[in-house]
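In what follows, a single structure is set out as structure tokens and then discussed.
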Amino acid sequence: MPYYLRAIDSCGLILSYRCQCACRHCLYAAGPAWSEWMAPDFLDELLRGIKRVWKRPRGLHLAGGEPFLNFELLLLGVSRCRELGLPIEYVETNGGWAVDEARARERLVLLREAGLERLLISLSPFHAETIPLQVTLRAIALAREVFGEENIIVYLPHLEPIMAQLGKERPVCLSKYLQRFGPRETGRILFEGYGLIPGGRAGLLLGALLEGRPLSRFAGQNCLREIIFSRHAHFDPYGNYIPLFCGGLSLGRFRDLYRFVKELDVQTLPLARILVEEGPYGLAQMAMVDYGFEPAPEGYVGKCHLCVDVRRHLVARGADFQELAPKAFYEHLFDRPPLRP
Ligand code: SF4
Ligand code: SF4
């Protein structure tokens, strides 16, 4: 039986994996080590493709990496969306640009004039390892001034008082949370408090804060909903179709999105097929038999944690599956060290 993708009704554009942060929870393993940006002609082609594929538009977000690091490209993306009549849900940013107040305000006004209506600003202990809380708060205040309070989504405001206890002026290493709150409470703040998805770097670098579950506990948890039915995807600068939030898992590279989605049968992709039918438990079984994978003795804090661990093992063993893309995702998973209690 072929597996055809449900048409997206929302999506995110990864304009680049480049970011000043390299957060330990990043689903896309973004950071300063990446350098490439989406080519403007591909951006244009992609937006036209999205418009053709999209049956019931809900919203598109422009993101990274950190999209403000290439402000001209971000501005171009906003303008093209407006010209094509594509609804932008928000631009997602870490707010690290709010160092010089006048320049920051000027950029926000340019975005508003280009047609942007809403901004999502990340506020979390992960981001504060690089960006001082006071810079994030300045970004939020300026954005509210330019776009109106109701048009600024802060993700997540309830963490501010906890973060403020550890200082606003300088970046704060997550190890300070361990010292202040202890491992159990730190695990609660970071996982429950943030609603963390343990994909990307998160499971590998933060999983030690929670109790891991053995491989057998993931049997029967497939990814049919996430890969086929979610109607949400991310598109990266290299033309990878990334289902939902599954960083490092590509359903293929495309130029013509409409044709790609119409013709793609996920059944023909060996890793994605296993994930759809059996989830990462099935992937681990295959990797144990064919590639010598050994599950982590401390277990896994979620199925995406297991999935990334198996996939990085496959890459390290030189397994040649097109779904394991972009390859650099796997090189940058450990750009920060794991946090250990
Ligand atoms: S989570 Fe956001 S701010 Fe942090 S590294 Fe990833 S893209 Fe950058
Ligand atoms: S387990 Fe893997 S394929 Fe499934 S949702 Fe998580 S990252 Fe995606």
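Count residues from 1 along the sequence. Counting convention: from 1, in listed order, for ligands and their atoms alike.
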Legend entry - Identity and separation of the nearest protein heavy atom to atom 6 (Fe) of ligand 1: C26 SG, 2.4 Å
Legend entry - Numbered atoms of ligand 1 (with element) below 4.0 Å of H127, judged on heavy atoms: 1 (S), 2 (Fe), 3 (S), 4 (Fe)
Legend entry - Side chain, backbone, both or neither: Q20 near ligand 1, heavy atoms under 4.0 Å: neither
Inset, instruction - Would you confirm whether R18, through its side chain, and G31, through its main-chain N or O, come within 3.5 Å as a donor-acceptor pair? - result: no
Inset, instruction - Measure from NZ or CZ of R107 to the centre of the six-membered ring of F71 and say whether it is under 6.0 Å with the direction within 45° of the ring axis. - result: yes
Legend entry - side-chain contact (heavy atoms from CB on, under 4.5 Å) partners of Y4, counting only residues at least two apart: P2, D265
Inset, instruction - Determine whether any heavy atom of G31 lies closer than 4.0 Å to an atom of ligand 1. - result: no
Inset, instruction - Kindly check if the number of other-residue, nucleotide or ligand heavy atoms within 6.0 Å of CZ (R255) is above 12? - result: yes
Inset, instruction - Would you mind listing which atoms of ligand 1 come within a distance below 4.0 Å of any non-hydrogen atom of C19? - result: 3 (S), 5 (S), 8 (Fe)
Inset, instruction - Before accepting this row, confirm whether a basic side-chain N of the pair E226/K303 lies closer than 4.0 Å to the acidic partner's carboxylate O. - result: yes
Inset, instruction - Examine distances only and state if a side-chain atom of R112 and a backbone atom of V146 form a donor-acceptor pair shorter than 3.5 Å. - result: yes
Inset, instruction - Identify, by atom number and element, the atoms of ligand 1 in contact range of G65, meaning under 4.0 Å from any of its heavy atoms. - result: 7 (S)
Inset, instruction - Pull up every protein N/O/S atom sitting under 2.8 Å from atom 2 (Fe) of ligand 2, skipping waters. - result: C307 SG
Inset, instruction - Classify the side-chain pair Y17/E66 by whether it contains a donor and acceptor separated by less than 3.5 Å. - result: no
Legend entry - Backbone of P337 reached by a side-chain donor or acceptor of R24 within 3.5 Å: yes
Inset, instruction - Determine the interplanar angle of the F42 and F254 rings, folded into 0 to 90°, and report it as parallel if under 30°, tilted if 30 to 60°, perpendicular if over 60°. - result: tilted
Legend entry - Which of the ligand 1 atoms, numbered from 1, are nearer than 4.0 Å to a heavy atom of N94: 3 (S)
Legend entry - Region of E66 engaging ligand 1 - heavy atom pairs below 4.0 Å: neither
Legend entry - Backbone of V276 reached by a side-chain donor or acceptor of Y3 within 3.5 Å: no
Inset, instruction - Just let me know how A63 lines up against ligand 1, side chain, backbone, both or neither, with a heavy-atom cut-off below 4.0 Å. - result: neither
